Enquirer: 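Starting off with a structure, shown below.
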Amino acid sequence: MDQATQCMTQEETKIIDKLKMEMLNAVSLQDLRFYKKEIHRIKEQAVKRHGFFNKLQQTAQKL
């Protein structure tokens, strides 16, 4: 598992699974690129959120 996968919520994982299934039905390269971009965007947001919460937790521990 990569870092993004570990940071994702169950809802995000379900959405990505649905997007991957939609990729199988894509009729154009543009559709494939859209699904891939959305999957990448969701994973990036999960990593950013995880980093933010870690930083917040470390700051709280210092108080």
Side-chain angles (χ1 to χ4, degrees):
M1 266 192 220
D2 61 351
Q3 181 186 5
T5 305
Q6 294 174 354
C7 299
M8 290 189 308
T9 63
Q10 289 180 348
E11 291 83 11
E12 290 168 329
T13 303
K14 288 178 186 178
I15 291 170
I16 287 181
D17 289 342
K18 287 180 183 180
L19 288 170
K20 286 179 180 178
M21 291 303 294
E22 288 296 321
M23 287 177 81
L24 297 174
N25 298 322
V27 293
S28 69
L29 188 57
Q30 183 178 2
D31 291 342
L32 284 174
R33 287 182 180 145
F34 170 78
Y35 294 128
K36 185 176 179 180
K37 190 168 101 176
E38 287 299 306
I39 290 169
H40 183 70
R41 185 181 60 80
I42 291 169
K43 287 182 177 184
E44 279 183 337
Q45 288 177 348
V47 170
K48 285 180 184 179
R49 181 184 62 247
H50 185 73
F52 172 76
F53 285 134
N54 281 343
K55 186 175 179 181
L56 187 63
Q57 186 178 21
Q58 289 173 359
T59 302
Q61 288 175 354
K62 290 179 183 178
L63 295 177

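Model, not experiment: these values are computed from the prediction.
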Enquirer: Would you indicate whether the side-chain heavy atoms of Leu19 and Ile15 approach each other to under 4.5 Å?
Expert: yes
Enquirer: Taking only residues two or more places apart in sequence or in another chain, which ones pass side-chain hydrogen bond (donor to acceptor under 3.5 Å, both in side chains) with Asp17?
Expert: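 So Asp17 forms no side-chain hydrogen bond (donor to acceptor under 3.5 Å, both in side chains) with any residue.
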Enquirer: Is a donor on one side and an acceptor on the other found under 3.5 Å between the side chain of Gln58 and the backbone of Lys55?
Expert: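 Absent.
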Enquirer: Nearest 0.5 Å, what's the CD-OG1 distance between Glu12 and Thr5?
Expert: 10.5 Å
Enquirer: As an exercise, state the distance from NZ of Lys48 to NE2 of His50, rounded to the nearest 0.5 Å.
Expert: 15.0 Å
Enquirer: Within a radius of less than 6.0 Å around CD of Gln61, do more than 12 heavy atoms belonging to other residues, nucleotides or ligands occur?
Expert: yes
Enquirer: For His40, run the side-chain contact (heavy atoms from CB on, under 4.5 Å) check against Lys37, Glu44, Lys36, Glu38 and tell me which one passes.
Expert: Glu44
Enquirer: In chain order, what residues pass the side-chain contact (heavy atoms from CB on, under 4.5 Å) check against Glu22, with sequence neighbours excluded?
Expert: Tyr35
Enquirer: Enter the distance from Thr9:OG1 to Lys14:NZ here, rounded to the nearest 0.5 Å.
Expert: 9.5 Å
Enquirer: Do Met23 and Asp31 have side chains that approach each other closer than 4.5 Å (heavy atoms only, starting at C-beta)?
Expert: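 A side-chain contact under 4.5 Å is absent here.
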Enquirer: Would you say Val47 and Phe53 are hydrophobically clustered, going by side-chain heavy atoms of ILVMFWY under 4.5 Å?
Expert: no
Enquirer: Out of curiosity, Lys43 NZ to Cys7 SG, how far, rounded to the nearest 0.5 Å?
Expert: 11.5 Å
Enquirer: Arg33: what forms a side-chain hydrogen bond (donor to acceptor under 3.5 Å, both in side chains) with it, not counting sequence neighbours?
Expert: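 Arg33 satisfies side-chain hydrogen bond (donor to acceptor under 3.5 Å, both in side chains) with no residue once adjacent residues are dropped.
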Enquirer: NZ/Lys20 to CD1/Ile39 distance, rounded to the nearest 0.5 angstrom?
Expert: 6.0 Å
Enquirer: In the structure I gave you, are the side-chain heavy atoms of Met21 and Leu24 within less than 4.5 Å of one another anywhere?
Expert: yes
